[in-house]
Amino acid sequence: MDNSASVGINSSKAGDHRAVGIACRLDSPAALKIVQIITDFLLERKEKIFFETRISSKFIRHFAKNLGDMTSSNTKFLISVGGDGTVLRVVQNLSKKDPPPILGVNLGSVGFLDESESDPDALKADLEKIFKGEYSLEKAVRLGTTIGNHKLPLALNEVLIISSKPSKVLYANIKIDGSYFTSSYLDGLIISTHIGSTAYALSAGGCLLDPRLNGLEIVPLNPFAGTGVFRPLIVPSFAEIEINLQRPRLNGLVIVDGQTEYKVSPQVKIRIRCSENNIYFIRFKEQVSGYFDKVRNKILFSRKLADDSLEN
């Protein structure tokens with residue numbers, strides 16, 4: 001399996017004194033309970049622990065560490081307890097460079113980004129797999145966005161561009177690698193990674209991106225039919241997408257992973273491209289089967305038919 005070589009987990013390596021990071025929802029008693037179970041398990045193994053600063057007072061205060069200070073040089077891996085929203089918050093606050101790989105623990109929501117469930121026995125078994133090296137790492141690209149000369153936080157899912165006035169539509173000019181693509185009246189645009197293609201982009205009419213494709217997706221929100229046919233477009237991960245909002249006196253909002261938003265004035269260039277700083281997720285299944293299992297079970301809600309149930 002493709003494990004610790006690429007980002008250096010090496011959890012069971014003798015002399016590795018790095019910590020295991022823990023982050024969670026602060027408003028969920030269930031999440032705090034799971035963190036206590038994880039804490040007891042790790043302390044029993046004599047593992048060093050970093051709690052994200054905002055939860056440390058509920059556990060061991062002097063084990064606190066800011067998410068932005070957790071890197072693979074001091075943190076073996078980071079456990080995120082909650083759901084997809086928790087993972088997005090954690091990823092946005094981690095160091096851009098050299099972040100530790102993430103194990104997501106789902107608390108009962110969709111949890112597409114999560115790998116483990118909150119059942120204590122199953123979770124402990126998953127942690128044991130990691131310490132034994134029985135895991136793989138999924139590389140996830142992140143989007144870097146620049147408004148003029150201002151750099152925004154990296155996006156794991158998507159960058160959303162909408163009007164600052166809900167009753168007003170944007171008029172957007174779009175270029176791909178400097179070449180004019182189209183202009184359109186629309187409610188907004190979603191620029192999505194393969195991870196984000198299972199989220200807002202899919203709800204807006206985009207397609208699922210197989211993670212092996214290394215592509216990005218541009219999804220229009222309610223484009224005005226009078227400006228021509230504008231359907232979702234898939235571009236390679238090395239492409240630069242440039243967007244220019246052209247309605248005078250109508251500002252736009254650029255929203256990164258639903259976490260933070262920034263105002264953009266008309267005619268100010270918005271540039272989006274893949275960052276060189278990737279995020280890694282701990283997985284226990286091979287990439288292809290694990291991805292399609294999640295798509296089928298958590299998004300399509302369909303069942304895998306047994307071979308003997310199929311009719312000729």
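Every heavy atom of this structure was used, including side-chain atoms; hydrogens, water molecules and symmetry mates were not.
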Pairwise distance CD1(Ile34) to CG(Leu123) - rounded to 0.5 angstrom: 6.5 Å

For Lys33, what residues pass the side-chain contact (heavy atoms from CB on, under 4.5 Å) criterion, not counting sequence neighbours? none

Single-linkage hydrophobic cluster Phe50~Leu67, side-chain heavy atoms < 4.5 angstrom: yes

Nearest 0.5 Å, what's the CD-OG distance between Glu242 and Ser179? 10.5 Å

Of all residues at least two apart in sequence or in a different chain, which pass the side chain to side chain donor-acceptor pair (under 3.5 Å) check with Asp69? none

Going by side-chain hydrogen bond (donor to acceptor under 3.5 Å, both in side chains), name the pairs with one or both residues in residues 245-262, residues two or more places apart or in two chains. Gln92-Thr260

Verify, without hydrogens or angle tests, whether Ser28 (side chain) and Ala31 (backbone) share a donor-acceptor contact under 3.5 angstrom. yes

Distance from Leu208 atom CG to Tyr291 atom OH, nearest 0.5 Å? 4.5 Å

Which residue pairs satisfy the salt bridge (Lys or Arg N to Asp or Glu O under 4.0 Å) criterion with at least one member in residues 163-177, sequence neighbours excluded? none

Please, which pairs that meet side-chain hydrogen bond (donor to acceptor under 3.5 Å, both in side chains) have at least one residue in residues 54-66, sequence neighbours excluded? Thr53-Asn66

Side-chain heavy-atom pair Leu103, Ile130 within 4.5 angstrom cut-off: yes

Among all residues two or more places apart in sequence or in another chain, which pass the salt bridge (Lys or Arg N to Asp or Glu O under 4.0 Å) test with Asp27? Arg25

Can a salt bridge be assigned to the pair Lys124 and Asp121 using a cut-off of 4.0 Å between side-chain N and carboxylate O? no

Using the ring of each side chain (for Trp, its six-membered ring), is Phe59 parallel, tilted or perpendicular to Phe51, with breaks at 30° and 60°? parallel

Rounded to the nearest 0.5 angstrom, the CD1-CG distance for Ile162 and Leu253 is 5.0 Å

Restricting to pairs with a member in residues 179-206, which pass salt bridge (Lys or Arg N to Asp or Glu O under 4.0 Å), not counting sequence neighbours? none

Please identify which of these residues, Leu113, Val91, Ile282, meets the side-chain contact (heavy atoms from CB on, under 4.5 Å) condition with Ile102. Val91

Those residues that, when tested against Asp210, pass side chain to side chain donor-acceptor pair (under 3.5 Å) (two or more places apart): Arg212

What is the ring orientation for Phe224 with Tyr185, classed by angle as parallel under 30°, tilted 30 to 60°, or perpendicular over 60°? perpendicular

Flag the pair Leu216 / Leu143 as yes when at least one side-chain heavy-atom distance between them is below 4.5 Å, and no otherwise. yes

For Glu52, give me all partners under side chain to side chain donor-acceptor pair (under 3.5 Å), at least two apart in sequence or on another chain. Arg89

Drop me the distance from Ser118's OG to Leu107's CG, to the nearest 0.5 angstrom. 5.5 Å

Do side-chain atoms of Asn74 reach the backbone of Met70 as a donor and acceptor pair under 3.5 angstrom? no

Contacts table for residues 147-160: side-chain donor-acceptor under 3.5 angstrom, sequence neighbours left out:
none

Contacts under 3.5 angstrom, residues 270-279 side chains, donor-acceptor by atom type, not counting sequence neighbours:
unit_1: Arg273; atom_1: NH2; unit_2: Phe238; atom_2: O; d: 3.2
unit_1: Ser275; atom_1: OG; unit_2: Asn277; atom_2: N; d: 2.9

Residue pair Ile79, Val35: steps toward the side-chain contact (heavy atoms from CB on, under 4.5 Å) verdict: CA-CA 9 Å; Ile79 305 171; Val35 169; over 6 Å; no

Would you check, one step at a time, whether the test salt bridge (Lys or Arg N to Asp or Glu O under 4.0 Å) holds for Glu128 with Arg45? CA-CA 10 Å; Glu128 287 287 3; Arg45 286 185 54 93; 3.3 Å; yes

Looking only at atom types and distance, does a side-chain atom of Lys48 sit under 3.5 Å from a main-chain N or O of Val20, one as donor and one as acceptor? no

Ser73: partners by side chain to side chain donor-acceptor pair (under 3.5 Å), with sequence neighbours left out: Thr71

Between atom NZ of Lys132 and atom CG of Leu127, what is the distance when rounded to the nearest 0.5 Å? 12.0 Å

Stepwise ring-ring contact (aromatic ring centres under 6.0 Å, His included) test for Phe77 and Phe281: CA-CA 9 Å; Phe77 61 97; Phe281 289 97; over 10 Å; no

